[in-house]
Number of protein chains: 2
Amino acid sequence: MGRHREFDPDEALQIALQVFRRRGYEGTSISDLTEAMGITRPSLYAAFGNKEDLFRRTLDLYEHQHLCFAREALQAQTARDAVERLLRGYVEVLTDPMSPPGCLGVNGAVACSEANEAIREELIARRMVNENNLLDRLERARSDGDFPGDEVPADWARYVVSVGLGMAVRAASGASREELHRVVDVAMRAWPTAIR
Amino acid sequence: MGRHREFDPDEALQIALQVFRRRGYEGTSISDLTEAMGITRPSLYAAFGNKEDLFRRTLDLYEHQHLCFAREALQAQTARDAVERLLRGYVEVLTDPMSPPGCLGVNGAVACSEANEAIREELIARRMVNENNLLDRLERARSDGDFPGDEVPADWARYVVSVGLGMAVRAASGASREELHRVVDVAMRAWPTAIR
DNA sequence: TGCTTAATGTACCGATAGGTATAATAAGCT
DNA sequence: AGCTTATTATACCTATCGGTACATTAAGCA
């Protein structure tokens, strides 16, 4: 009952994702969003709550749509292969020609003033989930004998995520896909072998 | 001739650096700055031009005061040592207990809306200068036989800077100095040996 | 055909953004 | 002292921020 919505919320959310990804959370204004989505302010607020709610929705969409490769990557046969797939998959996302370069999560969190500390903490927490997933995989690998027993998995998970974050910054600055794959090439040279 | 300035521009610039470093370029308002500096708006504009000019001044100060270790680091005996000093020195800056965590350059550049693209490009250019200094050092090392001839220095310079950027993001998210040094530990494991 | 309900378009809210006009003030110079 | 000059303090500018009140429009239901 009542008037029908004249726009597709899923399509609108896709556009919001593009805008937030290009401009970051604080750099995006409600007017930026409504113009790009082709809807009015009250329609946006009625459909998505407030700016913070909308951003969280776009984060969910981003993870399900662009970061989903990580689950599969972690299921690779070896820990080394899992990590390389993780990094290379992330490079593809960061330099997807159909989207603004860089990572929604990283672009949003870095230069977030304390006025929006809730968002900052949310992004840090989500990043930590990914790091912990990788950590679990490395610990499993160590039990399997696939990862040296004298290495500290947490140190490696932290390293891998750090390399990813660095590439995200570079991507946002216009780095090419090839450049970032060469970063992965070098980063993987650190990988430990059982024989030392 | 004329009335004397009642504040020390150098001191004021130090405070501006702290504020910009904590809040980023766009996240810092003129009111944030004048309150912290203890001066009025017209005094700020008279002494430093506009917000963008002031930010560039703080960038200069930041580089001369906090990033100056890089020059010395690059003069180390071996390329490997130079790179390790570079990364460890950067960790110290990122987690300096006397300053807000993270890097002024990184925090400012990542989520900068295109309204301030001039600043974004300035920061990217300054970062590129540092990467090129490292690149020059690695190429010199290769001439000296201190770096394998079959390695591509540009790939390694890019890798090292990327690790630095990743650590900068982590630092801004609250990473400890110890955590970041462990990232350097792992990152240096990639370093190439002449015998392969 | 009303009646209800929900989405729309317009126009607005107070707060804050970066930046400035203007007048009062304090110094050096003659 | 009186003039000039540069810095202050107050008050204001326009534009935009996130968010909303309100009247209008379009749909389903009786």
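Order of the sequence lines sets the chain letters (A, B, ...), proteins ahead of strands, with each chain counted from 1.
B/Thr28 comes within 4.0 angstrom of the backbone, heavy atoms only, and of no base.
Between the OH atom of A/Tyr45 and the C1' atom of C/dA7 there is a distance of 17 Å, rounded to whole Å. Summarising the geometry, the separation between CG on A/Leu44 and P on C/dG9 is reported as 13 Å, rounded to the nearest angstrom. Protein atom CD1 of A/Ile119 is 13 Å distant from nucleotide atom C1' of D/dG18, rounded to whole Å. Following rounding to the nearest Å, B/Ile39 (CD1) and D/dT10 (P) show an atom-to-atom distance of 15 Å. Distance, B/Glu6 CD to C/dT25 P: 13 Å, rounded to whole Å. A straight line from CZ of A/Phe55 to P of D/dC17 spans 17 Å, rounded to a whole angstrom. Rounding to whole angstrom units, CD1 of residue A/Ile30 and C1' of D/dC17 are separated by 9 Å. When the C1' atom of D/dC17 is taken as reference, atom CG of A/Leu33 falls 13 Å away, rounded to whole Å.
Along DNA chain D, the nucleotide nearest to A/His4 and the one nearest to B/Phe7 differ in position, and the one closer to the 5' end is contacted by B/Phe7. Taking for each of B/Asn50 and A/Arg5 the nucleotide of DNA chain C with the nearest heavy atom, the 5'-most of the two is the partner of A/Arg5.
OP1 or OP2 of C/dA17 lies within a sub-4.0 Å distance of a side-chain N or O belonging to B/Ser29. Residue A/Ser43 places none of its side-chain N or O atoms closer than 4.0 Å to OP1 or OP2 of C/dA7. In this model, the phosphate group of D/dG18 is not approached by any side-chain N or O of A/Ser31 to a distance below 4.0 Å at OP1 or OP2.
The aromatic ring centroids of B/Phe147 and B/Trp191 lie less than 6.0 Å from each other.
Considering only side-chain atoms of B/Lys51, the nucleotide from C/dG18, C/dT8, D/dT10 that sits closest is C/dG18.
Side-chain contact of A/Thr34 with A/Ser31: a donor-acceptor pair under 3.5 Å is absent, judged by distance alone.
Among residues at least two apart or in separate chains, salt bridge (charged side-chain N to carboxylate O under 4.0 Å, His left out) pairs with a member in residues 31-42 of chain A are A/Arg23-A/Asp32.
Cluster annotation: A/Leu13 and A/Tyr62 are assigned to the same hydrophobic cluster (Ile/Leu/Val/Met/Phe/Trp/Tyr, side-chain heavy-atom contacts under 4.5 Å, transitive).
No donor-acceptor contact under 3.5 Å links the side chain of A/Arg41 to the base of C/dG9. Residue-to-nucleotide contacts include no donor-acceptor pair under 3.5 Å from the side chain of A/Arg3 to the base of C/dT5.
Without hydrogens or angle criteria, A/Arg22 side chain to A/Ser99 main chain gives no donor-acceptor distance under 3.5 Å.
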